[in-house]
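Keep in mind the model is a prediction, meaning the values are calculated, not measured. To find a chain, count down the sequence lines: A is the first, B the second, and so on, and within it residues start at 1.
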Amino acid sequence: MPVARPEPSDSRVIAHIDMDCFYVQVEQRKQPTLRGHPTAVVQYNSWKGGGLIAVGYEARKFGVKRSMRGDEAKKVCPDIQLVQVPVARGKADLGVYRNAGSEVVSILSRKGRCERASIDEVYLDLTEAAETMLAESPPERLDGISEEALKSHVLGLHLDGASTRDCVRAWFLMSDADHRDRLLACGAIIVAELRHEVLKETEFTCSAGIAHNKMLAKLASGMNKPAQQTVVPLSSVEKLLESLPVKKMKQLGGKLGTSLQVDLGVNTVGDLLQFSEEKLQERYGINTGTWLWNIARGICGEEVEDRLLPKSHGSGKTFPGPQALKTISSVQKWLNELCEELSERLLCDLEENKRIARTLTLHASAYKLNDSESLKKFPSKSCPLRYGIAKIQEDALKLFHAGLREYIGIYHVRSKECKHEWAITGLSVSASKIVGIPSGTHSIMKYFHNLNQTSTTTSNDICTQDAAPLSPSGLHLADPQMDTYEDEARTRHETPSLYTVADETEVCKGLKSGSESGLVSELTQSKMDFLGAGLKSEKQKKKFEKEKGNPSILRFFHSPDAFSFPEHGRVKTCQESGASSSGDLLQENKQPIAGTSISTCSLGRNDIRNDAWSYKSDEIDPTVLNELPPEIQAEVRAWLHPEKRAKSVKRGSSIVHYFSSRADL
DNA sequence: ACGGGTTCGACC
DNA sequence: TGGTCGAAC
């Protein structure tokens with residue numbers, strides 16, 4: 001599973017920052033009286049007092065552990081304060097922690113490349129910052145080294161007689177040391193600063209590891225907690241790994257680690273050194289074998305990705321034992337809840353980060369009643385993601401049915417009173433393949449926004465009800481009630497009908513009446529909306545008319561600084577759920593304005609630009625394109641090929657060439 | 001009948 | 001590519 005990377009010729013400076021019992025800190029900040037008291041965060045669950053998912057350090061002294069029940073925690077620590085995870089729509093809602101994590105990221109990303117590794121973990125590549133510091137103001141020329149930096153734990157530092165602090169200071173100041181160690185020292189000073197800023201600005205403490213690669217940094221960040229940092233000089237690596245149990249290493253905590261112990265008798269990372277690369281490859285495959293061989297030597301080429309935002313969003317819930325869902329309608333009910341949350345988060349991501357997700361995936365777990373093959377896995381299914389709560393809900397339910405049919409097998413497709421021989425113990429929906437949209441097309445957001453609002457009124461939404469998702473994989477997503485009517489389902493799918501749009505804005509109503517055939521692609525509709533959305537005054541309408549032939553998308557491509565991605569900008573979070581600003585969306589009819597934010601809840605202060613766009617090409621009937629005005633066709637075709645665009649982005653301005661070369665299509 | 005809910009990466 | 005599996009927090 002782990003894979004070896006070509007070692008970037010380096011003496012990089014990598015930091016891993018790990019928030020201390022993060023959920024507890026978030027709750028303690030919210031409710032300061034909890035500070036200093038033994039505290040734990042429990043997940044909603046009245047069963048045995050709920051499950052602990054985070055335990056504060058005061059409570060750990062009493063032996064309280066994660067994965068204890070609330071009741072057990074009370075037993076060993078009667079004074080413990082148990083705080084419940086917020087609940088929304090009948091399920092745990094981690095939004096507050098996600099947002100708190102974003103606060104931290106927006107601070108930590110100031111000094112170098114930053115990768116958000118999880119809700120409470122970050123990797124930083126501080127190589128450049130450390131090199132600059134070493135060249136311009138090395139530790140020995142500093143007035144003083146910060147207290148925080150002097151509290152660093154430096155592995156392998158022999159503490160001879162003098163106080164620990166003095167030894168650490170000496171290590172920081174040692175000018176004859178290995179260049180790479182000096183870089184680490186600079187890194188440690190920078191990290192100490194960053195941690196201090198995090199504390200000042202968020203009230204959260206964190207721990208950190210500073211080393212030459214991600215693996216060692218991660219290992220180190222966990223060695224001295226809470227609120228401390230650990231440095232791993234090159235010279236300390238061999239001894240560190242020699243006696244380190246393999247299970248402590250990231251990626252070796254599971255089956256692979258067990259296999260090393262059981263099959264090879266490898267108990268410590270040092271034990272791995274006996275095995276040749278070939279031997280390891282032979283047993284674990286080329287990639288994993290090489291990866292293991294490197295790990296044994298403290299080598300890890302993995303780069304710090306430049307990414308501040310998550311790659312996907314998901315919402316799920318388990319229904320253990322007796323709570324298992326046994327009817328379609330209960331499944332539908334819960335899917336609706338999950339989809340609602342997902343949709344809300346997608347809309348936030350769109351507003352805050354100008355990104356859209358392209359794939360919807362449904363996962364479920366199930367068991368079979370009175371059946372031998374109850375081990376069978378419920379297959380996950382995915383389809384193109386359509387925005388709007390009702391559409392997501394509808395598609396998720398169809399995906400569920402598709403999975404269920406496969407799960408129970410073709411023999412049971414008989415009739416409707418197939419007694420529930422299945423029970424669902426877990427449901428989750430997720431949205432992935434998230435790409436940015438260009439800043440020149442932000443009125444698209446208005447379109448999505450309207451979609452979402454109107455689609456909550458499901459009954460009069462004829463277009464949506466009519467729509468049958470076309471799946472790229474050829475998966476037949478028949479309506480639930482059509483399970484047994486294959487023929488009818490097929491004829492419906494053969495009709496070349498496209499999605500129409502449930503949009504009740506005045507502009508779109510007008511446009512729709514002109515094309516009542518229903519053969520209006522979502523994209524076309526979105527185009528209409530793009531051109532016309534939100535134009536209220538006559539003045540604006542005139543402006544709209546004028547710009548019609550010269551869409552801002554086109555201008556966008558000629559804008560010199562058009563391409564940069566959200567990941568490089570500030571982190572934004574979706575604060576209060578649903579409290580989306582109906583704010584000024586008209587600006588997209590003007591030139592994109594650098595650094596302009598329409599968000600009411602943005603953080604940080606770097607300017608942010610987002611670009612790269614793409615869409616659900618699977619849903620667009622190619623023949624429709626030919627009927628569009630040429631310049632719009634060109635736009636659409638570009639839209640349909642995000643991968644070409646992505647490449648072009650890398651090559652910089654060649655995107656303009658690509659685009660203009662297609663303008664005549 | 002359980003640490004739950006997420007997120008990510010690799011493999012095929 | 002979609003889907004599965006594993007790992008981590």
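Checking A/T39 against A/E58 by side-chain atom types alone, no donor-acceptor pair falls below 3.5 Å. Checking A/S207 against A/N224 by side-chain atom types alone, no donor-acceptor pair falls below 3.5 Å.
With rounding to whole Å, A/E305 atom CD is found 18 Å from B/dT7 atom P. Atom CZ of A/F22 and atom P of B/dT7 are 14 Å apart (whole Å). Following rounding to the nearest Å, A/E341 (CD) and B/dT7 (P) show an atom-to-atom distance of 9 Å. Across the protein-nucleic acid pair, A/E121 atom CD and B/dT7 atom P stand 14 Å apart, rounded to whole Å. Between the P atom of B/dG9 and the CG atom of A/L252 lies a distance of 18 Å, rounded to the nearest Å. Rounded to an integer number of Å, the gap from A/I434 CD1 to B/dT6 C1' is 13 Å. Rounded to whole angstrom, the span from the NZ atom of A/K317 across to the P atom of B/dA1 amounts to 14 Å. The distance between atom NZ of A/K250 and atom P of B/dT7, rounded to the nearest whole Å, is 15 Å.
Within the nucleic acid shown, A/M19 has no heavy atom closer than 4.0 Å to any nucleic acid atom. Among the protein residues, A/K433 comes within range of the sugar-phosphate backbone only, with heavy atoms under 4.0 Å from sugar or phosphate atoms but none that close to a base. Contact annotation for A/T425: backbone-only contact, meaning every heavy-atom pair under 4.0 Å involves sugar-phosphate atoms and none involves a base. Residue-level contact check: A/K48 touches neither bases nor backbone, having no heavy atom under 4.0 Å from any strand.
Of all nucleotides listed (B/dT6, B/dA1, B/dT7), B/dT7 comes nearest to the side chain of A/S312. Checked against B/dC8, C/dA8, B/dA1, the side chain of A/K218 finds its nearest nucleotide in C/dA8. For A/L94, whose side chain is taken as the heavy atoms from C-beta onward, the closest listed nucleotide among B/dG5, C/dC9, B/dA1 is B/dG5.
Counting only distance, with no hydrogens or angles, the side chain of A/D349 and the backbone of A/R355 share no donor-acceptor pair below 3.5 Å. In this structure a side-chain-to-backbone donor-acceptor pair under 3.5 Å is present from A/R195 to A/C206.
Phosphate contact (OP1/OP2 of C/dG3, side-chain N/O of A/K377, threshold under 4.0 Å): absent. Between A/T318 and the phosphate of B/dG5, there is a side-chain N or O to OP1/OP2 separation shorter than 4.0 Å. Remark: A/S382 is in phosphate contact with C/dG3, judged by side-chain N or O atoms under 4.0 Å from OP1 or OP2. The phosphate of C/dG6 has OP1 or OP2 within less than 4.0 Å of a side-chain N or O from A/K255. For A/S428, no side-chain nitrogen or oxygen approaches OP1 or OP2 of B/dG5 to under 4.0 Å. Between B/dT7 and A/R98, a contact under 4.0 Å exists linking OP1 or OP2 to a side-chain N or O. Considering only side-chain N and O atoms, A/R345 lies under 4.0 angstrom from the phosphate OP1 or OP2 of B/dT7. Under 4.0 angstrom from either OP1 or OP2 of B/dA10 there lies no side-chain N or O belonging to A/N287.
Between B/dG9 and C/dT1, the distance separating the two P atoms is 16 Å to the nearest Å. Taking the C1' atoms as reference points, B/dG3 lies 15 Å from C/dA7, given to the whole Å.
Stacking between A/Y97 and B/dG5 is absent: the ring centroid is not both under 5.5 Å from the six-membered base ring centre and under 30° in plane angle.
Partners of A/F378 according to the ring pair (Phe, Tyr, Trp, His ring centres under 6.0 Å) rule, which considers only residues two or more places apart in sequence or in another chain, are A/F400, A/Y407.
The distance from atom CD of A/Q393 to atom CG of A/L397, rounded to the nearest 0.5 Å, is 9.5 Å.
Within the structure, ring pair (Phe, Tyr, Trp, His ring centres under 6.0 Å) pairs that include any residue of residues 54-105 of chain A comprise A/Y23-A/Y97 (at least two apart or interchain).
Along DNA chain B, the nucleotide nearest to A/K311 and the one nearest to A/A54 differ in position, and the one closer to the 5' end is contacted by A/A54. Residue A/W47 is the one, among A/W47 and A/K91, whose nearest nucleotide of DNA chain B lies closer to the 5' end (criterion: closest heavy atom).
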